[in-house]
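Read through the structure below, which is laid out as structure tokens, and then see the notes.
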There are 2 protein chains.
Amino acid sequence: MSPASPSPVPSPALSPALSPTLTSPEPFVLDDMVCFALHSASRAFGSVYRSVLRDLGLTYPQYLVMLVLWERDDVPVKRIGEQLRLDTGTVSPLLKRLEAAGLIRRERSAEDERSVTVRLTDEGCALRAGAAEVPGRIAEATGLTLAEVTDLRERLHRLTAKLDAADLPE
Amino acid sequence: MSPASPSPVPSPALSPALSPTLTSPEPFVLDDMVCFALHSASRAFGSVYRSVLRDLGLTYPQYLVMLVLWERDDVPVKRIGEQLRLDTGTVSPLLKRLEAAGLIRRERSAEDERSVTVRLTDEGCALRAGAAEVPGRIAEATGLTLAEVTDLRERLHRLTAKLDAADLPE
DNA sequence: GGCAACTAAGTTGTGCACAACTAAGTTGTG
DNA sequence: CACAACTTAGTTGTGCACAACTTAGTTGCC
């Protein structure tokens with residue numbers, strides 16, 4: 001059985017939701033639901049990107065790494081992790097797979113032997129042309145106007161920053 | 001090395017982003033960025049939930065399943081997958097872990113032997129009291145007003161629906 | 001110079017997400 | 001009745017995400 005991917009049931013998303021027992025009446029539950037909505041939207045995007053990126057042989061996280069490299073080649077691993085907000089435990093195997101696919105190479109930096117520099121192969125460069133139509137197809141799938149996209153992105157950045165700040169020591 | 005979790009660098013999120021080569025000027029890239037922003041926000045939420053749920057011994061997806069069951073016990077596996085928008089390949093092992101933790105039981109339905117019904121154990125019921133303060137702590141972490149939460153949730157639902165519709169056959 | 005503190009990358013182990021598949025039960029139709 | 005089509009759970013394999021840890025190299029400070 002496939003996921004509820006292209007959702008057969010619109011899913012009332014935790015319908016009336018957790019009834020109020022020990023907590024105050026209502027508003028609180030909405031915060032669970034906004035996280036759920038975020039989670040869902042993120043996965044729905046993932047599904048669309050999966051379709052669009054299939055021909056390129058990339059997953060979405062791999063595509064993000066390629067975006068970073070297409071914008072500026074010759075980047076240390078650390079910087080990739082920072083830009084994509086990913087742990088080394090995620091980035092290392094991700095880069096290993098991209099290397100195995102022949103799209104990038106990794107070389108120890110000469111001036112700092114701790115650092116590893118990531119570089120595009122010719123094949124990795126060439127893939128850029130094939131990826132040219134990706135953003136357009138995604139834009140089409142969202143059906144959002146430029147203003148809506150900008151606004152949503154801004155809200156999400158503020159939310160992320162707020163959550164990060166709240167998640168420090170407690 | 002830990003992730004960029006409580007983000008040490010605010011990360012300009014693919015800074016100027018993929019420069020325009022073969023595609024038209026600018027707007028397109030924003031759609032990549034909105035997905036990235038979504039992805040980031042979702043993971044930032046995950047990090048906060050991880051902190052808050054640690055005492056309960058639950059992950060966020062496990063907490064979602066418990067929410068469904070606390071609202072209405074005695075639910076078939078299929079319904080859990082629909083409500084949470086998850087594949088059986090995700091739900092099955094997830095339920096297996098909750099069962100191993102002693103929070104739920106699974107029983108073959110009598111009237112339809114294909115179906116499996118999920119039921120809370122006493123321990124699973126009891127956990128509800130411990131979870132009472134979760135939504136409040138999350139709400140606090142977001143720093144959003146009720147109106148903002150409602151609006152954001154609504155936008156995300158519309159976006160998800162649109163993406164689902166676009167991801168069918170093409 | 002020597003050594004503690006730090007930094008960069010990688011590894012290990014756990015859990016989520018999904019595609020593709022299997023097994024078992026149910027339903028519809030001739 | 002019989003059998004194809006469908007439905008429900010579950011399994012297998014791959015990849016992402018992160019905590020906790022390891023290894024190797026650098027820097028600061030005495």
Side-chain angles (χ1 to χ4, degrees), chain A residues 1-6 8 39-40 42-51 53-54 57-65 75-82 84-101 106-118 167, chain B residues 1-6 8 39-40 42-51 53-54 57-65 75-82 84-101 106-118 167:
Chain A
M1 184 206 228
S2 237
S5 43
H39 196 68
S40 286
S42 180
R43 281 155 47 215
F45 247 127
S47 181
V48 173
Y49 269 105
R50 216 182 329 280
S51 302
L53 293 175
R54 182 165 301 131
L58 294 175
T59 64
Y60 179 63
Q62 289 167 7
Y63 170 70
L64 288 179
V65 170
V75 178
V77 170
K78 177 180 169 52
R79 218 165 112 73
I80 293 179
E82 279 169 4
L84 302 186
R85 207 195 149 72
L86 291 172
D87 196 329
T88 59
T90 302
V91 172
S92 281
L94 211 170
L95 293 176
K96 199 188 280 189
R97 283 185 284 271
L98 285 174
E99 190 167 39
R106 283 186 290 177
E107 299 164 11
R108 282 272 154 205
S109 161
E111 65 269 21
D112 186 344
E113 293 258 329
R114 289 170 304 181
S115 179
V116 168
T117 297
V118 181
D167 193 35
Chain B
M1 187 208 225
S2 240
S5 45
H39 196 67
S40 286
S42 180
R43 279 155 48 214
F45 247 126
S47 181
V48 173
Y49 269 104
R50 216 181 327 281
S51 303
L53 294 175
R54 183 165 300 131
L58 294 175
T59 64
Y60 179 63
Q62 289 167 7
Y63 170 71
L64 288 179
V65 171
V75 179
V77 169
K78 178 179 168 51
R79 218 166 111 74
I80 293 180
E82 279 170 5
L84 303 184
R85 208 194 149 74
L86 291 171
D87 196 329
T88 60
T90 301
V91 171
S92 281
L94 210 170
L95 293 176
K96 199 188 280 188
R97 283 185 284 272
L98 285 175
E99 189 166 39
R106 282 186 289 179
E107 299 164 12
R108 281 275 155 203
S109 163
E111 65 269 19
D112 186 344
E113 294 256 330
R114 289 170 304 182
S115 179
V116 168
T117 296
V118 182
D167 192 33

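Computation of the quantities below employed the complete heavy-atom set of this structure, encompassing side-chain atoms and omitting hydrogens, waters and symmetry-equivalent molecules. Throughout, a chain's letter reflects where its sequence line sits, starting with A, and its residues are numbered from 1. Only a predicted model underlies this, so the values are computations on that prediction, with no experimental measurement involved.
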Per atom distances to the A:Glu113 side chain, the nearest of D:dG25, C:dC18, C:dG10 is D:dG25
Heavy-atom donor-acceptor pair, A:Thr88 side-chain to C:dG10 base, under 3.5 Å = yes
Would you indicate which nucleotide in C:dA9, C:dG15, C:dA17 comes nearest to any side-chain atom of B:Thr59?
-> C:dG15
N/O donor-acceptor pair under 3.5 Å between A:Arg50 side chain and A:Thr59 backbone | no
Please state whether the rings of B:His39 and A:Tyr60 are parallel, tilted or perpendicular, taking 30° and 60° as the class boundaries.
-> perpendicular
Any side-chain N or O of A:Lys96 under 4.0 Å from OP1/OP2 of D:dG15?
-> no
Name the closest nucleotide to the A:Asp112 side chain, picking from C:dG10, D:dA9, D:dT26.
-> D:dT26
When A:Leu95 and B:Gln62 are each assigned the nearest nucleotide of DNA chain C, the 5'-most assignment goes to A:Leu95
Taking OP1 and OP2 of C:dA17, is either one under 4.0 Å from a side-chain nitrogen or oxygen of B:Thr90?
-> no
Measure from CD on B:Glu82 to P on D:dT8 and round the result to the nearest Å.
-> 8 Å
Is it true that a side-chain atom of B:Arg85 and a backbone atom of A:Arg43 form a donor plus acceptor pair closer than 3.5 Å?
-> no
Between D:dA17 (C1') and A:His39 (NE2): distance, integer Å = 12 Å
Anything below 3.5 Å on both distances counts as a pair; with that, list the stems of at least three consecutive Watson-Crick or G-U pairs involving DNA chain C.
-> C:1-30 with D:1-30
So, does A:Arg108 use its side chain to make a donor-acceptor pair with the main chain of A:Arg114 at under 3.5 Å?
-> yes
Sequence neighbours left out, what passes side chain to side chain contact (heavy atoms under 4.5 Å, CB included) with B:Glu113? Give chain and number order.
-> none
Walking DNA chain D from its 5' end, the first of A:Pro93 and B:Arg54 to be reached, judged by nearest nucleotide, is A:Pro93
Short side-chain N/O contact to D:dA9 OP1/OP2 from B:Ser115, under 4.0 Å | yes
Below 3.5 Å between N/O atoms, which protein atoms pair up with nucleotides 3-6 of chain D? Just atom names and distances, please.
none

With the side chain of B:Lys78 defined as its heavy atoms from C-beta on, choose the nearest nucleotide among D:dG10, D:dA17, D:dA9.
-> D:dA9
Could you tell me whether the phosphate oxygens of C:dG10, OP1 or OP2, come under 4.0 Å of any side-chain nitrogen or oxygen in A:Ser92?
-> yes
Interatomic distance, A:Arg106 CZ vs C:dA8 P [rounded to whole Å] | 17 Å
Considering only heavy atoms from C-beta outward, does the side chain of B:Val77 approach that of B:Thr88 to under 4.5 Å?
-> no
Relative to the 5' end of DNA chain C, which residue comes earlier, A:Arg108 or B:Ala110, by the nucleotide with the nearest heavy atom?
-> A:Arg108
